[in-house]
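Encoded as structure tokens, the structure appears first; notes follow it.
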Amino acid sequence: MDTEKHPLIRRRRSSESVRRRDRRVSFRHFHYPWKTAAALIIILGTFLCYQLAILKPHGDSFDSGRTGYRTYDGEKISWKLCGTVAERDLECSRIDVPMDQFNASNNGPHGNMSFSLPLVRLRGKNATQSVLLNPGGPGGSGSEFIHRRGAQLSQIVGEGFHLLTFDPRGVNESIPVASCYPTPEARQQLSSVRSKKIPDDSGELYAWTSGFVQSCAKSLGEHGKYINTPQTAADMNSILDAIGQPDMYYWGFSYGTLLGQTYATLFPERSKRVIIDGVANQYDWYDGLLDKEELTDTDRVFSGFVDECMKAGPDKCALASLANSKEELHSKLLTSIDKLRDDPIGVYVNNTLFGVLDYWAVWYEGVFPALYRPANWYTLANNLASLLRGNATDAFLAYNRPESDFNTTGKDTQFVITLNDGASGPKHWPKQGRTDLLDIIVPFFDNSSSFAGTSYDFYFAKQAWPIEKTHGYVPRRGVQTAHPLLILTTTYDPVCPLVSAKSAYASFEDSRIVEVLGYGHCSVAVPSVCLAKHVRNFFYEGLVPDAAHTRCEVDGEPYFVKPAVAADGKVCATVLFDDPEEQEIHLAQLELARDSWLRPW
Ligand SMILES: *[C@@H]1O[C@H](CO)[C@@H](O)[C@H](O)[C@H]1NC(C)=O
Ligand SMILES: *[C@@H]1O[C@H](CO)[C@@H](O)[C@H](O)[C@H]1NC(C)=O
Ligand SMILES: *[C@@H]1O[C@H](CO)[C@@H](O)[C@H](O)[C@H]1NC(C)=O
Ligand SMILES: *[C@@H]1O[C@H](CO)[C@@H](O)[C@H](O)[C@H]1NC(C)=O
Ligand SMILES: *[C@@H]1O[C@H](CO)[C@@H](O)[C@H](O)[C@H]1NC(C)=O
Ligand SMILES: *[C@@H]1O[C@H](CO)[C@@H](O)[C@H](O)[C@H]1NC(C)=O
Ligand SMILES: *[C@@H]1O[C@H](CO)[C@@H](O)[C@H](O)[C@H]1NC(C)=O
Ligand SMILES: *[C@@H]1O[C@H](CO)[C@@H](O)[C@H](O)[C@H]1NC(C)=O
């Protein structure tokens with residue numbers, strides 16, 4: 001392949017602009033012999049693709065010589081080798097944590113009621129300490145996360161740390177799990193309810209919700225009321241104690257920032273290296289009736305999609321030829337998609353595949369998730385351009401996915417943790433009737449982002465929630481942590497806006513904000529080696545920028561790039577760096593940027 005066909009590739013010297021802006025950011029922790037990679041770049045000249053094959057987890061295939069349990073000095077648990085990721089060992093273990101971390105007298109008559117949590121550790125090659133990760137959700141599985149994205153994250157963090165992740169209590173393979181149904185069969189039979197159109201569906205949704213929340217309470221049993229974020233924060237100390245590590249090193253994404261803020265408030269003395277990335281407002285989360293801040297910038301990200309599309313032009317963005325200005329394109333899109341509310345489109349592919357493309361599918365299953373990841377904008381534009389030209393097939397195939405929630409506990413877990421954390425149920429909700437609820441949420445949705453409707457069913461459950469709130473966590477300002485927090489954000493995040501990062505900044509003394517000047521959810525939505533340097537310098541040296549608020553450029557052109565993936569599954573660099581290790585980080589970030597692990601509800 002040559003550069004002609006890939007005009008986005010341009011040479012750039014080792015982040016000079018970055019150095020100029022922020023001299024305290026050095027790049028000292030690249031202990032990797034990258035000479036081979038450097039040679040490769042020279043041979044390839046201008047084009048570099050990332051070998052995906054080596055990043056895929058090797059499943060459960062054990063190295064037969066090394067299947068025994070492993071123990072390490074100073075640790076209280078043993079580990080079993082459970083695969084490799086990018087040629088590094090993965091180790092698995094489990095720990096039991098008390099059902100109630102804060103009051104032992106609630107742990108049953110014998111004091112032994114507990115949760116069992118799976119742990120997975122990706123070993124750094126020259127590491128003694130572990131960085132704990134949380135992928136978000138709530139309900140995201142740490143073990144799933146590390147299998148899928150551990151390779152790229154360890155590329156960014158470097159070999160000096162192990163990455164350690166876990167399924168939080170209630171999540172995925174924790175025992176017990178937060179499921180609102182006793183069996184997958186019951187879920188399949190009982191979970192279907194119309195909740196796409198407000199207020200038309202509200203009668204059915206309201207009636208169904210009263211049964212659903214009772215089923216949650218019953219299915220969760222005694223454990224249910226201890227599935228919340230402050231308990232999980234305390235579980236992270238149990239994990240540190242089990243591996244004999246006094247200090248918390250942490251990188252949490254999205255919901256993981258609520259976990260991080262909660263941890264840092266409850267255990268400031270252990271908070272030595274806490275990074276929160278893609279920040280949610282903990283005051284809204286714990287005390288608010290409605291999450292008013294969450295969607296502050298969602299419509300701005302959509303406008304950014306339109307804006308960047310017009311800038312990219314018709315060669316790169318299929319929608320650009322349909323309008324003469326961004327204003328015209330914006331209103332054309334809104335008008336066409338809005339029309340689907342009353343006139344969904346029938347799509348026939350063949351006699352085993354046909355159906356209806358409706359407003360919900362396009363707006364909430366298509367556009368909204370794409371806002372999280374600009375790497376998906378190119379494809380979104382293609383699908384919407386076909387739709388606007390009168391062919392709904394592409395959008396139907398892409399967005400009309402059958403209910404994928406049926407067999408998984410993911411959404412239950414999300415509801416249970418969120419509702420147990422916050423102001424839920426009759427004690428906290430002004431009134432219990434259906435119209436009383438609509439009186440609150442309809443004006444809120446009307447006055448909020450056009451994407452607010454995704455949380456329609458959530459508020460019905462919040463009003464009716466029968467499980468009592470057992471935690472006493474109260475977010476507060478002026479928290480003095482052992483070391484300043486590092487707060488990461490993009491400029492326009494569709495679900496965790498910059499203003500929430502500022503709220504965290506105001507809560508934690510001496511914390512610092514590093515903003516990547518781009519669109520998307522969490523810093524990993526767009527590639528920025530500058531950002532990676534801040535992460536490394538923080539973890540290794542405890543360095544934070546001098547300024548309270550520092551900005552990092554995005555590397556290359558992240559918007560409306562045809563996904564540059566070679567036939568053999570390689571992702572291709574959009575910027576060439578002189579430093580081979582920076583090049584590797586850039587490639588890892590591109591890989592993260594096209595990931596979709598952080599999904600909306
Ligand atoms: C391993 O880590 C130690 C301590 O962080 C560091 O001094 C040393 O240079 C590292 N070695 C390599 C080969 O990266
Ligand atoms: C601990 O729980 C017991 C039983 O639920 C309760 O009586 C007691 O007040 C609690 N203690 C504290 C300090 O909250
Ligand atoms: C707790 O301990 C009691 C008495 O030793 C035992 O009967 C029970 O099975 C234990 N429960 C759990 C959940 O381990
Ligand atoms: C649950 O964990 C298993 C094992 O790590 C993983 O294969 C699976 O994808 C996870 N499920 C979810 C929904 O995260
Ligand atoms: C979902 O659950 C049903 C009932 O247990 C089962 O028959 C079906 O195979 C499951 N589907 C998937 C994709 O796991
Ligand atoms: C119908 O179309 C889908 C999608 O193109 C394809 O996967 C499926 O095999 C087709 N079914 C038949 C019977 O042709
Ligand atoms: C609509 O788009 C689909 C998929 O791109 C294509 O197969 C089909 O031929 C198109 N239909 C018409 C009428 O152009
Ligand atoms: C609508 O939103 C704005 C800004 O978000 C707020 O100031 C105003 O109070 C809201 N109005 C209503 C009726 O909720």
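Only this structure's heavy atoms are used, side chains among them; waters, hydrogens and symmetry mates stay out. Here, residue 1 is the first one in the sequence, and each next residue gets the next number. Counting starts at 1 for both ligands and their atoms, following the listed order.
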Y72 six-ring centre to R121 NZ/CZ under 6.0 Å and within 45° of normal: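 That pair qualifies as a cation-pi contact.
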Residue shell for ligand 7, any heavy atom closer than 4.0 Å, reads N391, T393, D394
Distance filter under 4.0 Å to S143 heavy atoms, resulting ligand 4 atoms: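 What qualifies from ligand 4 is 2 (O), 5 (O).
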Enumerate the atoms of ligand 4 whose separation from the nearest heavy atom of E173 is less than 4.0 angstrom.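 Atoms satisfying the 4.0 Å criterion: 2 (O), 3 (C), 4 (C).
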Not counting sequence neighbours, which residues clear salt bridge (charged side-chain N to carboxylate O under 4.0 Å, His left out) with D338? List them please. R341
Just grab all the ring pair (Phe, Tyr, Trp, His ring centres under 6.0 Å) pairs involving residues 166-192, residues at least two apart or on different chains.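 Found none.
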Going by the rule side chain to side chain donor-acceptor pair (under 3.5 Å), which residues pair with Y250 if we only count those two or more places apart in sequence or in a different chain?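 In terms of side chain to side chain donor-acceptor pair (under 3.5 Å), with neighbours along the sequence ignored, Y250 is linked to no residue.
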Quick one: are the ring centres of W363 and F451 less than 6.0 Å apart? yes
Measure centre to centre between the rings of W285 and Y473, then say whether the value is under 6.0 Å. no
Ligand-side contact atoms (ligand 3) for residue partner N112, heavy atom cut-off under 4.0 Å: 1 (C), 2 (O), 3 (C), 8 (C), 10 (C), 11 (N), 12 (C), 14 (O)
In plain terms, say whether K462 and D291 are close enough for a salt bridge, that is, a side-chain N and a carboxylate O under 4.0 Å apart. no
With respect to the side-chain SG atoms, do C522 and C496 come within less than 2.5 Å?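 Taking the criterion (SG atoms under 2.5 Å apart), C496 and C522 fail it, so no.
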Tell me whether H110 has any N or O atom under 3.5 angstrom from an N or O of ligand 3. no
Any N or O of N172 closer than 3.5 Å to N or O of ligand 4: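 N/O-N/O distance under 3.5 Å: yes.
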